[in-house]
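Below is one structure. I have some questions about it.
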Amino acid sequence: MTPVVLIVMLLAIAALTYQFGSRAFNRTVVEMLINIMVVVGLYIFVGNSGLLSFGHISFMCLGAYMTAWLTIPPVMKSITLKGLPTWLLHTQLPMWIATPISGVFAALFALVVGRVVMRLSGIAASIATFGLLGVVNNVYSNWDSVTGGQGSIVGTPATMNVWIGCLGAAVAIAIAYLYSISRSGLALRATRDEAVAASASGIDIVRERLIAFVVSAFVIGLAGAFYAHFLSIVNPGSFYLRTTFITLSMLVVGGMYSLSGAVAGVVAISALIEMFRNLEKGVSLGDLTIALPNGVQEIAIGIITIVILMYLPTGLTGNREFSWPRWLLERRLPRPVQTALKELN
């Protein structure tokens with residue numbers, strides 16, 4: 001019942017935000033829902049394989065730029081992105097078509113590079129993914145005729161709202177859950193817990209890691225497309241170290257080995273970020289205005305991550321999954337079964 005519980009929770013948040021939230025709060029919740037997509041995508045690989053990846057934000061970058069190339073009006077592309085292929089230069093698709101194409105583009109890229117990177121293990125694999133992040137960021141920051149270089153690409157339709165964000169998060173949660181209960185997901189978790197025994201049992205570790213790598217890249221590519229339509233501006237600086245640090249912190253704080261932990265970590269850290277963001281703007285207490293120095297939120301998140309690793313290494317959820325309350329489940333059981341359970345208790 002975990003995905004159902006999580007999706008119901010997100011629907012409740014979206015409904016309350018749409019009904020009572022201000023415009024600024026709506027944007028905050030939309031950004032949180034996009035981050036849920038990213039962190040759930042991270043969970044698909046990191047949580048099931050046990051390998052820490054620093055390079056998945058590069059797939060977010062790929063998805064964001066692809067949807068920008070596909071949805072920006074051709075007239076604008078002909079001025080700022082003259083290096084694009086002719087067919088792409090004259091193509092304009094709606095968001096609902098461009099977004100899945102962006103996810104597939106990120107997945108195909110992951111399939112190519114993953115065939116090499118997934119042969120590594122431990123810290124070597126993590127360093128390789130960090131190198132992947134650096135390569136993608138440098139290419140997109142300097143390919144002026146195709147990506148606009150260090151400048152921002154403008155003109156992506158701003159079509160995001162809280163309901164579309166909730167739909168994206170629900171799709172990400174469903175994909176993550178279906179993968180986790182699939183044969184490939186079970187095999188990958190076996191390699192995470194007992195790599196030698198899993199290999200001796202005939203499990204192809206590289207193949208299973210590659211499958212998770214590609215699936216997670218697809219989900220994060222979708223998140224990148226949503227993020228581009230959320231900001232309406234695409235810049236390579238948005239998909240580098242800061243985003244990598246924050247999303248990994250969200251996963252660690254919630255519990256990296258559970259889907260519920262991935263979602264809970266995003267909600268917890270997003271609430272903290274919003275709180276510190278308001279404190280940095282300043283809080284008025286009568287005639288006195290108290291404002292924290294800029295950058296305090298990154299310091300606070302770093303400290304919180306360290307504390308969680310020290311005292312709650314399994315995260316806020318203890319790597320457990322959310323479920324319906326026991327009393328609600330028992331009400332749906334036949335009366336004789338309910339009576340037997342009460343006697344056992």
Side-chain angles (χ1 to χ4, degrees), residues 1-44 47 56-57 59-60 63-64 67 71 94-103 106 156-180 215-232 238 243 246-247 250-251 253-255 258-274 277 316-317 321-324:
M1 301 302 294
T2 296
V4 178
V5 173
L6 294 175
I7 291 171
V8 168
M9 290 171 56
L10 295 182
L11 282 172
I13 292 173
L16 291 172
T17 301
Y18 180 79
Q19 189 68 31
F20 304 107
S22 63
R23 181 180 177 86
F25 188 73
N26 268 263
R27 289 187 63 82
T28 299
V29 172
V30 171
E31 187 173 7
M32 182 194 75
L33 293 169
I34 295 173
N35 283 332
I36 286 176
M37 296 180 67
V38 177
V39 177
V40 166
L42 272 172
Y43 157 77
I44 292 174
H56 271 64
I57 298 303
F59 303 132
M60 191 178 180
T67 199
T71 57
M95 173 189 173
W96 294 111
I97 299 177
T99 297
I101 293 175
S102 302
T156 309
T159 53
M160 283 296 297
N161 58 46
V162 69
W163 295 115
I164 297 176
C166 189
L167 175 62
V171 169
I173 289 170
I175 292 174
Y177 178 74
L178 292 174
Y179 172 77
S180 67
V215 174
S216 64
F218 173 75
V219 173
I220 295 180
L222 293 180
F226 276 36
Y227 194 65
H229 289 287
F230 169 64
L231 291 181
S232 191
S238 302
T243 308
I246 290 177
T247 51
M250 289 173 172
L251 184 62
V253 167
S258 74
L259 178 57
S260 300
V263 176
V266 176
V267 175
I269 296 297
S270 297
L272 287 173
I273 290 175
E274 185 62 19
R277 185 180 296 164
L316 296 175
T317 61
E321 300 291 359
F322 293 158
S323 181
W324 297 116

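The figures that follow rest on heavy atoms only: side chains count, while hydrogens, waters and symmetry mates do not.
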Measure across Thr99 and Ala225 and return the closest heavy-atom pair with its distance rounded to 0.1 Å.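 Between these two residues, the closest heavy atoms are CG2-CB, 3.9 Å.
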May I ask you to test the Ser270-Thr28 pair for a side-chain heavy-atom distance under 4.5 Å? no
Are Leu33 and Val162 close enough that some pair of their side-chain heavy atoms sits under 4.5 Å apart?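 Contact flag for Leu33/Val162 side chains = yes.
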I want to check something: taking the side chain as every heavy atom from C-beta on, are Phe218 and Leu222 in contact at a cut-off of under 4.5 Å?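 Side chain of Phe218 against side chain of Leu222, heavy atoms only: contact under 4.5 Å found.
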Any side-chain to backbone donor/acceptor pair from Ser102 onto Thr67? Under 3.5 Å, distance only. yes
Taking all non-hydrogen atoms of both residues, which atom of Val39 and which atom of Ala262 are closest, and how far apart? CG1-O, 3.6 Å
Exceeds 12 heavy-atom contacts within 6.0 angstrom, atom OH of Tyr177: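 12 or below, so no.
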Apply side chain to side chain contact (heavy atoms under 4.5 Å, CB included) to residues Val38 and Thr243 and explain how you reach the verdict. CA-CA 10 Å; Val38 177; Thr243 308; 5.8 Å; no
Is it true that the side chains of Ser258 and Glu321 contain a donor and an acceptor less than 3.5 Å apart? no
Rounded to the nearest 0.5 Å, what's the gap from CG on Leu11 to CG on Leu16? Could you check?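 Going from the CG atom of Leu11 to the CG atom of Leu16 covers 11.0 Å.
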I want to check something: taking the side chain as every heavy atom from C-beta on, are Ser180 and Tyr43 in contact at a cut-off of under 4.5 Å?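 Yes, close enough: below the 4.5 Å cut-off.
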Distance (rounded to the nearest 0.5 Å) between Thr159 OG1 and Trp96 CH2: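 The distance works out to 7.5 Å.
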Would you indicate whether the side-chain heavy atoms of Phe226 and Met95 approach each other to under 4.5 Å?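 The answer is yes; the side chains approach within 4.5 Å.
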Kindly give the heavy-atom pair with the smallest separation between Trp163 and Ala14, and that separation in Å.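 In this case the closest contact between Trp163 and Ala14 is CZ3-CB, 3.9 Å.
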Nearest atoms (heavy-atom pairs only) where Ile97 meets Ile101: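 Minimum heavy-atom contact is O-CG1, 3.3 Å.
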Side-chain heavy-atom pair Phe230, Arg27 within 4.5 angstrom cut-off: yes
Apply side chain to side chain contact (heavy atoms under 4.5 Å, CB included) to the pair Met9 and Val263, showing each step before the final yes or no. CA-CA 10 Å; Met9 290 171 56; Val263 176; 5.9 Å; no
If you compare all heavy atoms of Leu10 against all heavy atoms of Ile173, which two are closest, and at what distance to 0.1 Å?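 Residues Leu10 and Ile173, closest heavy atoms: CD1-CD1, 3.6 Å.
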Does some side-chain heavy atom of Ile246 sit less than 4.5 Å from a side-chain heavy atom of Asn35?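 No, their side chains stay 4.5 Å or more apart.
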Step-by-step side chain to side chain contact (heavy atoms under 4.5 Å, CB included) determination, Ile269 to Met32: CA-CA 9 Å; Ile269 296 297; Met32 182 194 75; over 6 Å; no
Which atom names give the shortest non-hydrogen contact between Met60 and Ile34, and what distance separates them?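 Shortest heavy-atom separation between Met60 and Ile34 comes out as CE-CG2, 4.5 Å.
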Main chain of Pro94, side chain of Thr71: is a donor-acceptor contact present, judged purely on distance under 3.5 Å?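 No, because the side chain of Thr71 does not come within donor-acceptor range (under 3.5 Å) of the backbone of Pro94.
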4.5 Å side-chain heavy-atom contact, Thr247 and His56: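 No, every pair of side-chain atoms sits at 4.5 Å or beyond.
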May I have the step-by-step check of side chain to side chain contact (heavy atoms under 4.5 Å, CB included) for Thr317 and Phe322, ending in yes or no? CA-CA 8 Å; Thr317 61; Phe322 293 158; 3.9 Å; yes
